[in-house]
Amino acid sequence: MVYKPSGCELRASERTASLMNKLKIDREIAKKLPRTWPVFFEIHGRLTDIQRKAIPVILQGQNLLISSSTATGKTEAVCAPLVERNIDINTPWTILYICPTRALVNDLYERLYSPLSSLDLRLVRKTGEHSSRSYRIPHVLITTPESFDSIMCRGRHRTYIHVLASVKAVVLDEIHFLYGTQRGEQVRWLIERLRRLKRYVSSIRHIPGNDLQIIGLSATVSETEKVISSFMGHGEYISSEEKREITRLNDVMEPVHKALFKYIKKNPANSEKILVFSNSRKRVDILASYMREKLNKFKYHVVAHHGSLSKRVREDGEEAVKNKERIVAFATSTLELGIDIGDIDLVVLDGPPPDMAALLQRLGRGNRRTGQIRVITCADTMSDSMILEAMIEGLKDCYETPYNGGSNYSVIFQQIASYIFQSPVRTRKRVTIEDFLKSNISPDKAKSILDRMIEYEDLIENEEGLRPGDYWQDRTEYGKIHSNIDFSYGYNVIDEQNGEKIATDITYVQGKGLKTGGELLQIKNFKDYNIDVKKVKDENLVKGEWNYASERILKNSSQAYAIRKYLGIGDNIWPVVRKSDRIYIFHLGGEIRQIVIEGLARMSRSDNRPVCSNQFYFALSQISNKKPDWLKDIKISSFEFYINREISWFEGKLCRPVLNSKLPHDIRCEEVKSWLNPETEILAIKESLWDENIDKTVREVCLILSETKD
């Protein structure tokens, strides 16, 4: 009788063979990392999937875009081989690590300090809150886009000409936060300036080897080829299929304060780290204040974390989450990224995240030491509940949300001013600036933008060349020449007892107090742009109104696209429902399509009334569900002419920066069209089939979504 192995035995054999093969690969890689393996990987004993894939490519010196879920060791996958490649170089060398937030800079500094110190390597962080005074060239420099800009301008070195001249590699962490944004465009130009700096130093010092290795990291990235082209020129893309199971602990969505209290009351003996994500700073403040009192009886510590809280308050909150066993942290996107706050036992979603990337980041914060993410999903309204449900379901389908982005030409103004400021004499020849601009834009655009800056006296031209005008000189004095963020101004909140700053950007203050950062703060005095406050325990002493200064941000189409996929309807099907005296047409195309439809209405409708619309639908006061003429007989040329005529309206709807108004008119129009993609959107509108004969489920979802506002 011939023995035949069972299916279970075969699968076990296959798993053993796979494990042995991985172990073999790990040993081969370890041999190539004689210095860095012991300090980065020996404690784990083996590599993750993404580390096995990435390390050999990085050791070969290639540009690389890496996509892998959180907690899969991307930082080590990059730092170890980059250090190994450079550690034997006798001349100064630097790995430049760019992070989108100061909190992530601080976190990486703490994570890398021990392994790099054991190799006797210098690690430096540079942000607006932390800056090293060392004159020695760092081996690893961690910074933000704005501080990268500042170092380019102020990094002249008494021995090595410039502190960044020795950069061998640039790492762009959380690259999806940069791609398609003002800050990402700034980084693109800064990398070009870094290349030019290295070529210049090489020419006067006769230093060989000016290559710059660029590596991008992300837990979620789309448009991979465009990302590589934008930041690297060329390179490889690798990803990991390692995923963790998502376990939802609630079947019915309810407001977060009810769901969270119910969960903790049901499990009073548990000691857990709970992270609650909300979509606004004020929401975080209010929830933290309310739940602090509610959860005190269960011995839970409550903290708040968002971008308008002071450095001390944020870092105290991070430290508390890391070290306390029974804690609830309420946060905005500031804790989405890979900051080390310990092992989070439970993630709570307070409403739908703004997009799928944010959803992945938030869920990725959960229980990194196991293969399971525990989550409670919450919503205050039926519409938010439906959107969140669709987004969660969308994770299973692994579809790619269409990219919504375009050009960011106003960054060029800032980069020209910064590039001139980088010069020791604060002046550059026009031909030098034109040559710099031609690296990323056409000669015609370069000339047009320079002429416009001279016309507005943002640049002053004389026989010595071009120098910054008053506008950029003022930004230099206030330290804002290195930023492309439109600043919002508000009050600072100051503790009257010790003079420490608690928060910034507070606006519209009325009444007795605030609940900033979850604290009950009684207003004692207004002085200039400061509000002096006193911490109190009586809520009656802090009744009032306040908010945060902020700019509206354009949403991508993630939420609308998730609803379409959730309903299982084709891209050309636009469901129609009747409600009161209106019909609601669900275009489900996001804010870009919303803006195109509103623009067509403004352009074509004789009654000149605005269309009631949002990212999901638009509503019309008509009996028939037939498509009106202004949405059937559309000429792209007419719409583009309308964009040309109403450019300021379109820029406002697209949340374009204030500086856009100074761009040459044709470039402003080109930028708006790059965001609107009018040919594609108008074709989608023309080919859309308005369907009122929809099934019950689709109708119910649409009626729920009709309650959403702009």
Side-chain angles (χ1 to χ4, degrees), residues 78-79 82-83 85-100 102 104-106 108-109 112-113 116-117 119-173 183 186-215 231 414-415 417-428 432 436 439 476 479-483:
V78 170
C79 287
L82 285 178
V83 168
R85 270 176 55 80
N86 294 285
I87 197 168
D88 289 330
I89 298 175
N90 292 323
T91 54
W93 58 269
T94 300
I95 297 165
L96 180 62
Y97 208 115
I98 310 296
C99 300
R102 292 171 294 185
L104 191 52
V105 169
N106 296 336
L108 282 168
Y109 181 85
L112 294 175
Y113 185 83
L116 293 178
S117 295
L119 294 170
D120 198 26
L121 299 178
R122 290 182 297 281
L123 172 66
V124 170
R125 59 180 158 177
K126 173 71 168 69
T127 67
E129 296 175 342
H130 291 280
S131 182
S132 169
R133 295 181 178 274
S134 173
Y135 289 102
R136 302 177 70 191
I137 300 295
H139 292 107
V140 178
L141 173 59
I142 314 174
T143 191
T144 61
E146 291 75 21
S147 289
F148 179 15
D149 197 307
S150 176
I151 298 167
M152 284 295 301
C153 292
R154 307 169 194 270
R156 288 181 292 279
H157 198 278
R158 58 189 179 187
T159 304
Y160 301 106
I161 300 179
H162 197 286
V163 70
L164 295 181
S166 58
V167 170
K168 302 294 183 183
V170 177
V171 181
L172 304 175
D173 204 3
R183 299 174 80 216
Q186 179 180 8
V187 169
R188 278 196 343 114
W189 285 97
L190 286 168
I191 289 173
E192 172 58 26
R193 286 167 61 182
L194 180 59
R195 293 186 192 277
R196 295 171 73 88
L197 171 67
K198 287 175 64 65
R199 288 197 296 269
Y200 168 73
V201 172
S202 176
S203 68
I204 63 174
R205 287 287 183 92
H206 306 291
I207 302 172
N210 287 310
D211 294 339
L212 195 62
Q213 188 176 7
I214 301 177
I215 300 168
F231 292 102
Q414 182 268 331
Q415 280 299 292
S418 176
Y419 186 50
I420 295 173
F421 186 67
Q422 181 184 336
S423 166
V425 294
R426 304 290 190 259
T427 302
R428 288 194 189 270
T432 303
F436 164 57
S439 62
T476 301
K480 295 176 181 176
I481 192 173
H482 308 298
S483 176

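Remember, predicted model here, so these are calculated numbers, not experimental data.
The shortest distance between side-chain heavy atoms of I98 and P145 falls below 4.5 Å. Residues I95 and V83 meet the side-chain proximity criterion, which asks for heavy atoms closer than 4.5 Å. Side-chain contact check for L212 versus V170: some heavy-atom pair is nearer than 4.5 Å. Inter-residue side-chain proximity for E192 and Q415 is flagged as unmet; no heavy-atom pair is nearer than 4.5 Å. With contacts defined as side-chain heavy-atom distances shorter than 4.5 Å, the pair C153/R193 qualifies. The shortest side-chain heavy-atom distance between V163 and P138 falls under the 4.5 Å cut-off. With contacts defined as side-chain heavy-atom distances shorter than 4.5 Å, the pair H482/M152 does not qualify. No side-chain heavy atom of L164 sits under 4.5 Å from any side-chain heavy atom of T94.
The one candidate from L112, D173, V124 that meets the side-chain contact (heavy atoms from CB on, under 4.5 Å) condition with I142 is L112. Under the side-chain contact (heavy atoms from CB on, under 4.5 Å) test applied with L96, the options T143, I214, V171 reduce to a single match, T143.
With sequence neighbours excluded, the residues satisfying side chain to side chain donor-acceptor pair (under 3.5 Å) with D88 are R35. Residues that satisfy the ring-ring contact (aromatic ring centres under 6.0 Å, His included) test with Y113, not counting sequence neighbours, are Y109.
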### Task
Test side-chain contact (heavy atoms from CB on, under 4.5 Å) on K168 and R85 and set out the steps.
CA-CA 10 Å; K168 302 294 183 183; R85 270 176 55 80; over 6 Å; no
### Task
List the steps and the verdict of side-chain contact (heavy atoms from CB on, under 4.5 Å) for R122 and R136.
CA-CA 8 Å; R122 290 182 297 281; R136 302 177 70 191; 2.7 Å; yes
### Message
As a quick check of understanding, evaluate side-chain contact (heavy atoms from CB on, under 4.5 Å) for C99 and L108, giving each step before the final call.
### Response
CA-CA 9 Å; C99 300; L108 282 168; 3.2 Å; yes
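Panel note: side chain N86, backbone L82; a donor-acceptor pair is recorded below 3.5 Å. The main-chain N or O of L141 is never found under 3.5 Å from a side-chain atom of K126 such that the two would form a donor-acceptor pair. In this structure, R428 contributes its side chain and V425 its backbone to no donor-acceptor pair below 3.5 Å. Judged purely by atom type and a 3.5 angstrom limit, S147 has no side-chain atom pairing as donor or acceptor with the backbone of T144. With hydrogens and angles ignored, the 3.5 Å screen pairs a side-chain donor or acceptor of S439 with a backbone N or O of F436. With R426 contributing its side chain and F421 its backbone, the two residues share a donor-acceptor pair below 3.5 Å. Of the possible polar contacts, none joining the H139 side chain to the W93 backbone as a donor-acceptor pair under 3.5 Å is found. Put simply, the side chain of R183 gets close to the backbone of P100: a donor and an acceptor are under 3.5 Å apart. For R156 (side chain) and Q422 (main-chain N/O), a donor-acceptor pair under 3.5 Å exists by modelled atom type. T127 places no side-chain N or O within 3.5 Å of a backbone atom of R102 that could act as its donor or acceptor partner.
The structure places CG of L197 at 11.5 Å from CG of L190, a figure rounded to the nearest 0.5 Å. Within the model, atoms OG of S150 and CD1 of I481 stand 10.0 Å from one another, a figure rounded to the nearest 0.5 Å.
For W189 and Y419, the ring centers sit 6.0 Å or farther from each other.
In terms of heavy-atom proximity, V105 sits nearest to R125 at CG1-CB, 3.8 Å. Closest heavy-atom contact between D211 and K198: O-CE, 4.1 Å.
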